[in-house]
Amino acid sequence: MVITQTSERGRRRRGGAADAVPPPSRDVNYRHLKNPFPQMEVFSADQIADMHDTSLRTLEELGVKVLLPEARRIFAAGGARVDEDTEMVFIGRDMVDAAVASAPKSIACRAGARHRDFTLELGSLVFQPGAGAPNATDLERGRRPATGQDYLDFLKLTHHFDVFQMISPQVEPQDVPTHLRHYFTTQAQMELTDKFPFFFSRGTPQVMDCFEMLSTARGLSDDEFRSNAHCYTIINTNSPRTLDIPMAQGLIDFARHGQMSIITPFTLMGAMAPITVAGAITLSHAEALAALTLTQLTNPGAPVCYGTFTSNVDMKSGAPAFGTPSHFQASLAAGQLARHLGLPWRSAAGSASNINDVQAANENQFGLWGCLMAGATVIIHSAGWLEGGLTVSFEKLVCDAEVLNMIAELCAGAQAGAAEIGFDTALSEVEPSGHFFATSQTMERYNTEFYQPHVHDYANFGTWTERGSVDANHRATGVWKGILNDFKPPASDGDRLGALQDFITRRTAQGGAPPES
């Protein structure tokens with residue numbers, strides 16, 4: 001993303017010359033971030049080892065209910081004890097250890113353009129906006145069932161902000177039939193962005209369609225497609241201890257074709273998991289290990305990302321809560337377990353607030369900092385997510401992207417060479433009680449030194465009032481509307497997109513592919 005910064009003071013000093021000559025651009029790369037923050041620990045090393053051991057004991061003694069017969073056969077062939085009558089699978093710790101050993105510790109993710117490629121490993125940092133909501137909202141149109149146009153608009157916003165490296169399933173376009181929806185969302189991803197795409201796991205027919213569409217649009221042979229991770233899916237276990245049919249099939253399909261699964265048990269303390277942080281994370285860890293083992297039994301070395309999304313419920317209402325102290329602690333614990341395994345891992349921010357208000361900002365940022373201090377590799381729901389995932393907000397996505405941009409700035413670190421210290425270009429040029437506005441160092445850097453926000457307003461109260469007293473929420477409306485109005489898709493191959501459209505037309509005429517469950 002290129003941010004052009006213009007100094008009002010500089011324009012006045014130079015008598016308006018800056019109006020005729022474009023100021024220098026501030027060129028920042030938010031595409032390859034490293035987490036610069038020290039990692040916190042909520043439990044001791046011995047306690048983490050006990051939690052890991054208890055997870056293994058859970059898999060051995062209590063087992064996991066696996067609803068897909070093919071998955072049970074794969075587990076059985078790998079040495080698990082399977083009870084077909086109850087659909088229970090009991091996984092030995094040796095199987096889990098072997099799976100963890102074969103899972104890659106570093107995953108090269110190939111996007112539609114080489115400058116969009118990134119690597120997932122411990123220490124790297126990747127953001128995704130809020131995902132999977134059935135509703136969309138903004139200040140002008142209000143809350144509504146999400147439409148195909150909402151999906152396209154959120155996709156354009158995600159492409160615009162460099163700080164989002166991965167495409168998420170922002171909203172479900174509910175005006176597109178379910179047997180055709182994957183054609184709509186995949187075509188949109190191939191045409192409107194060159195970032196790393198997402199496909200739902202809703203049965204083999206839909207997944208194979210998506211793989212074919214991606215390969216067609218990006219000119220990949222079967223071998224080229226299988227040799228790298230070109231897309232990903234998110235696998236949610238059905239806590240407690242259940243792996244359903246589409247999720248198990250998704251693990252198998254993506255592993256067989258060398259594509260990445262992000263395994264994410266969604267556990268809420270006091271509801272689908274024990275009420276304590278330690279108990280809930282132990283259950284989540286066991287479920288993640290079971291799913292991970294299935295991927296490695298299917299295809300040793302298949303790319304897989306460890307994940308967790310654990311928070312608590314409001315015990316007064318039973319509603320999910322996010323951005324709470326327990327959510328923060330759960331992220332820290334998950335990070336410790338991910339490092340115990342040595343695997344890249346996914347965590348999440350998010351908010352339970354109903355609108356883009358101070359509660360939404362507080363919850364999202366508190367959850368976000370839990371992920372950052374835990375050392376998360378991928379942070380999903382980092383922008384736009386409201387109502388515990390029922391809605392994605394246009395204004396909130398823009399406001400949250402501001403925070404993520406600031407975090408990305410911190411990832412670059414501060415420099416302290418001679419040019420930055422500025423003895424000759426700043427310190428020695430200013431007399432006691434003077435100012436640094438006109439030093440050589442300031443004049444060289446005033447256009448490019450500081451991050452310039454797209455939503456925040458640093459004007460004083462008088463100036464802000466003269467401009468109409470517009471708050472951040474309403475300023476965000478102007479930002480997202482401007483982005484959509486000026487949007488230009490990345491360059492693409494017209495012949496390939498034509499072949500993609502031909503494929504969609506043919507499959508649609510054949511009846512599409514209904515989701516399987």
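When reading the values below, keep in mind they use all heavy atoms of this one structure, side chains included, and skip hydrogens, waters and symmetry mates.
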Is any NZ, NE, NH1 or NH2 atom of the basic residue among Arg114 and Asp194 found under 4.0 Å from an Asp or Glu carboxylate oxygen of the other? no
Sidechain-backbone polar pair: [X] side chain, [Y] backbone, donor-acceptor under 3.5 Å:
X	Y	value
Gln336	Phe43	yes
Ser168	Gly130	yes
Asn354	Glu387	no

For a quick test of reading the model, state the closest non-hydrogen atom pair linking Lys105 to Leu341 and the distance between them.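 Shortest heavy-atom separation between Lys105 and Leu341 comes out as CE-O, 3.8 Å.
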Set out, in order, the CA-CA distance, both residues' side-chain angles and the distance that settles ring-ring contact (aromatic ring centres under 6.0 Å, His included) for His454 and Phe161, then state yes or no. CA-CA 11 Å; His454 57 258; Phe161 290 108; 5.1 Å; yes
Would you indicate whether the side-chain heavy atoms of Pro104 and Glu121 approach each other to under 4.5 Å?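 They are not in side-chain contact.
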Under the side-chain hydrogen bond (donor to acceptor under 3.5 Å, both in side chains) rule, collect the residues that match up with Thr308, sequence neighbours excluded. Ser284, Thr310
For Trp480, what residues pass the side-chain hydrogen bond (donor to acceptor under 3.5 Å, both in side chains) criterion, not counting sequence neighbours?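 Here the qualifying residues are Glu395.
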is_close_aromatic(Tyr306, His285), centroid dist under 6.0 Å: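 When the ring centroids of Tyr306 and His285 are compared, they turn out to be within the sub-6.0 Å range.
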Taking the six-membered ring for Trp, are Phe254 and Phe211 ring centroids under 6.0 Å apart?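 Under 6.0 Å, so yes.
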Residues that Lys316 engages under salt bridge (Lys or Arg N to Asp or Glu O under 4.0 Å), provided they are two or more places apart: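 So Lys316 forms no salt bridge (Lys or Arg N to Asp or Glu O under 4.0 Å) with any residue.
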